[in-house]
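In what follows, a single structure is set out as structure tokens and then discussed.
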Amino acid sequence: MKSDSSNPAAPLRGLGAPLRSSEPVRAAPPPSAAMVLLEEAADLLVVHLDFRAALQTCEHAWRSLANDDAGTSLEVKCSLCVVGIQALAEMNRWREVLSWVLRYYQVPEKLPPKVLELCVLLYSKMQEPGAVLEVVSAWLQDPDNQGLPEYRALAELHLQLVLLPLGCLSEAEELVVGSAAFREEERLDILQAISKARQQQKLQHLGSEEDQKLNQEASPSSLPFLYKLAQLFHRIQEAMFSLHRLPIHD
């Protein structure tokens, strides 16, 4: 049986409108220069362990982003920061991390949550949480950041790794009470823990004051009697030494 070739085949279901030969095939847009440099920087960091070159490549990529649309390059910028932070840490230049990321974002409030989280973890691990205290506080207070899904995790991280280790108990209370990131049950538990930490802080302060008082009381200037007693003892020693030197007569 001969088929009728004059009628076109019906389009397959689920594929939408049939393709027409007159319509050009849309090719995927080529990757931006910053994306290419990001891949190169990640390769230098992970595969070649060339940390200096990885950092330099990230900085080159940042310069290429100057004319890019901000909305389409947010993820690329964040990824460049992640690679740069890791490169600086591997070169033992971790103290430069915060100033390096702020060079590109200018103000703390604009830092991506992932970048800020890495900064907190890094400086806390290196036992210098005070370096990120003001930056994280400013980020958490910004109204635009309080609606982000990462806000809760960063608030908890700031509380556990920055405020409490530094003894900033009043700031910790303000964060817990004034933030909607904590549920009521969590808020009560944290406030109870802060109250216990404040009691320990007072005991340590009283202990240091007692030690200082004892040290002052033991000084010759505060107890002239002990000082005079020591001088008298010294004179007795000199007198006894002189007696031993006297000639003995029969």
Side-chain angles (χ1 to χ4, degrees), residues 25-142 144-163 165-166:
V25 179
R26 295 180 180 178
S32 63
M35 178 63 73
V36 174
L37 290 171
L38 172 61
E39 295 177 357
E40 181 182 343
D43 188 65
L44 289 167
L45 176 72
V46 178
V47 179
H48 301 284
L49 303 180
D50 192 343
F51 309 124
R52 186 179 301 277
L55 181 64
Q56 292 174 347
T57 305
C58 288
E59 292 173 344
H60 185 195
W62 268 102
R63 290 191 293 270
S64 71
L65 281 169
N67 298 323
D68 281 6
D69 179 63
T72 59
S73 58
L74 288 177
E75 190 66 29
V76 176
K77 290 179 179 179
C78 180
S79 299
L80 287 170
C81 279
V82 171
V83 175
I85 290 171
Q86 183 66 32
L88 285 168
E90 293 288 352
M91 292 187 291
N92 199 27
R93 292 170 55 186
W94 55 271
R95 288 183 177 86
E96 304 175 31
V97 164
L98 197 57
S99 60
W100 187 79
V101 296
L102 288 175
R103 182 193 310 172
Y104 301 109
Y105 285 96
Q106 278 78 46
V107 292
E109 294 83 352
K110 299 301 180 183
L111 287 174
K114 182 63 177 177
V115 172
L116 189 60
E117 178 185 356
L118 287 177
C119 290
V120 173
L121 293 173
L122 175 62
Y123 282 91
S124 174
K125 181 180 179 181
M126 303 310 296
Q127 299 182 356
E128 287 197 16
V132 294
L133 175 61
E134 294 183 2
V135 171
V136 186
S137 297
W139 192 94
L140 291 173
Q141 292 171 8
D142 187 81
D144 293 336
N145 295 329
Q146 293 175 5
L148 297 176
E150 300 90 349
Y151 183 86
R152 172 185 169 86
L154 275 168
E156 293 178 348
L157 208 64
H158 185 50
L159 182 69
Q160 296 172 6
L161 299 184
V162 180
L163 294 179
L166 290 174

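None of the values given here were measured: they were computed from a predicted structure.
Under the 3.5 Å distance criterion, the side-chain polar atoms of D43 are left unmatched by any main-chain donor or acceptor of H48. Proximity of a side-chain donor or acceptor of S124 to a complementary backbone N or O of L121 within less than 3.5 Å is not detected. Between the side chain of S64 and the main chain of A61, a donor-acceptor pair closer than 3.5 Å is present. Side chain of W139 to main chain of L116: no donor-acceptor pair is present (N/O by atom type, distance under 3.5 Å, no hydrogens or angles). Checked by atom type and distance alone, the side chain of Y123 pairs as donor or acceptor with a backbone atom of R95 at under 3.5 Å.
Expressed to the nearest 0.5 Å, how far CZ of F51 lies from CG of L45 amounts to 6.0 Å.
Looking at every heavy atom in both residues, L140 comes nearest to Q146 through O-NE2, 3.2 Å. Heavy atoms only, all atoms of each residue included: L166 and G130 are closest at CD1-CA, 3.7 Å.
Enclosure of atom CZ in R103 by more than 12 non-hydrogen atoms of other residues, nucleotides or ligands within 6.0 angstrom is indicated.
Between L161 and P129, every side-chain heavy-atom pair lies at or beyond the 4.5 Å cut-off.
In this structure, the ring-ring contact (aromatic ring centres under 6.0 Å, His included) partners of Y104, at least two apart in sequence or on a different chain, are W62, W100.
Using a 4.0 Å cut-off between charged nitrogen and carboxylate oxygen, E156 and R152 count as a salt-bridge pair.
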